[in-house]
Amino acid sequence: MDEQIYQRTATGETSSRTQFWEGFVKGLPIMVASAPFGLLFGALAIDNGFTVGEAVFMSASIFGGASQMVGIELFGHNVPAWLIVFSIFAVNFRHVLYSAAVGRRIGHFKPLQGLLSYFLLTDPQYAETEKRAESGKPVTFIWYLGVATPIYVMWVLEAWIGGLFGNLISDPHALGIDMLLPIYFLGLVMGFRKRDNWGPIVIASGVVSIIAYKTIGSPWHVSIGALAGILVAVIVAKPEKAQGKD
Amino acid sequence: MSSIFWITVAGAILTFLTRIGGHLVLSRFERIHPRVEVALNAVPAAVLTTLVAPAIATADWRGLVALVFAGLVSLRFNALTMFLAGAAMIILLRQFS
């Protein structure tokens, strides 16, 4: 083992290999939590008329679990192609907000690094990047790749494995698959509980998204609920914070 | 090429646009107004909450117990422990009750 890996350089920056592994350690739990969905996606895709190759291609190119599930579900119901594409877009629309917010953290990446980083910008990737920035450690491209690598590689592999062995999952409900994603996202929400006005934001987003879910329907409850939470944050922000003196 | 292929390509392009679009719009402004800064800081809690809330509103009692249990675990333990505890709870409840 090269002992220099664990030493800081003269500039106080940790070596890039250390940063990669710091990111990798953050990516591993996300990889574990997303595994059931990656496998389930592969299995359901085959059920809905995809080949294994098409399922793998979708996981590799879209890389967004919920939107992929919606895509294969609609495909199985003979919905027009443009509507399937639009639904994928609608489910992923929340990423516009992540994108706007994370630009402050990764704006210093080189152009090609930036393109790749935005491609890899999933919910947990965004959450980890915000937490890293909050902790005061540098958000480098190598660290960002360290987080994304285990998530992306396993996500693509799981589509393949799920496609090959899909019929082994006989009863997703008994295995609680429908609750795993909410539990996982609850963990991400709780991770930000020390931020300003977390309580009011969560309550506003939660209540409004439930109302929108019951009235307008999915996936619009995400964008509508999120905007309600953001609006509350802007309204209740302390004046000195709003003037940038925090 | 199959229609699945083209649907996937179009979906992938639009998904990429959502992931880079917010940044492209915001980067056109020289200075970020403090109110916008406050709004951006609210993004994690505001968006992620909407991915949990409908499940709370529609879950059976087993799902609710698992969510509350996981929420309590997250107060003391890291995200992976919390996830595994919540997953174990929902599987146990669905199998045995």
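Just so it is clear: chains get the letters A, B, ... in the order the sequence lines come, proteins before strands, and each one is counted from 1.
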**Item:** For the student: nearest non-hydrogen atoms of B:A39 and A:I230, plus distance
**Value:** CB-CG2, 3.5 Å
**Fill in**
Nearest heavy-atom approach of B:G71 to A:M190 is O-CE, 3.9 Å
Please classify the contact between [X] and chain B as side chain, backbone, both or neither, with a heavy-atom cut-off of under 4.5 Å.
X	result
A:M179	side chain
A:F75	side chain
A:Y213	side chain
A:F50	both
A:D178	side chain
A:I30	neither

Looking only at heavy atoms and a cut-off of under 4.5 Å, which of [options] has the most pairs with chain B?
options	value
A:G176, A:P219, A:G191, A:A228	A:G176
A:L120, A:L97, A:V222, A:I201	A:V222
A:F119, A:F86, A:W82	A:F119
A:G225, A:S61, A:G229, A:G64	A:S61
A:V189, A:V207, A:I183	A:I183
A:A33, A:A81, A:G187	A:A33

**Message:** Just to verify, what does A:Y118 make a side-chain hydrogen bond (donor to acceptor under 3.5 Å, both in side chains) with, not counting sequence neighbours?
**Reply:** B:H23
**Asked** Passes side chain to side chain contact (heavy atoms under 4.5 Å, CB included), B:N41 versus A:D196? Steps please.
**Response** CA-CA 9 Å; B:N41 286 335; A:D196 288 341; over 6 Å; no
Counting C-beta onward and ignoring hydrogens, is there a side-chain heavy-atom pair between [X] and [Y] closer than 4.5 Å?
X	Y	answer
B:F16	A:I62	no
A:I88	B:L14	no
B:S74	A:L186	no

**Item:** chain A-proximal positions within residues 44-51 of chain B [heavy-atom distance under 4.5 Å]
**Value:** B:P44, B:A45, B:A46, B:V47, B:L48, B:T49, B:T50, B:L51
**Prompt:** After noting the C-alpha distance and the side-chain angles of A:V96 and B:R19, does the key distance pass the side chain to side chain contact (heavy atoms under 4.5 Å, CB included) rule?
**Reply:** CA-CA 6 Å; A:V96 170; B:R19 285 181 171 147; over 6 Å; no
**Item:** Residue-level contacts of residues 100-108 of chain A with chain B, using a heavy-atom cutoff under 4.5 Å
**Value:** A:A100, A:A101, A:G103, A:R104, A:R105
**Request:** Applying side chain to side chain contact (heavy atoms under 4.5 Å, CB included), run through A:F57 and B:V9 and close with a yes or a no.
**Result:** CA-CA 9 Å; A:F57 178 59; B:V9 168; 3.9 Å; yes
**Asked** Rounded to the nearest 0.5 Å, how far does CG of B:L24 lie from OG of A:S99?
**Response** 6.5 Å
**Message:** Test of understanding: with ring-ring contact (aromatic ring centres under 6.0 Å, His included), list the residues that count as partners of A:F192, not counting sequence neighbours.
**Reply:** none
**Request:** Determine, step by step, whether B:L17 and A:H95 satisfy the side chain to side chain contact (heavy atoms under 4.5 Å, CB included) criterion, reporting the C-alpha distance in whole Å, the side-chain angles of both residues, the deciding distance to 0.1 Å, and the verdict.
**Result:** CA-CA 9 Å; B:L17 288 179; A:H95 291 100; over 6 Å; no
**Message:** Looking only at side-chain N and O atoms, does A:N92 offer a donor or acceptor that is under 3.5 Å from a partner on B:T18?
**Reply:** no
**Item:** Side-chain H-bond candidate by donor/acceptor type, A:E54 with B:T8, under 3.5 Å
**Value:** no
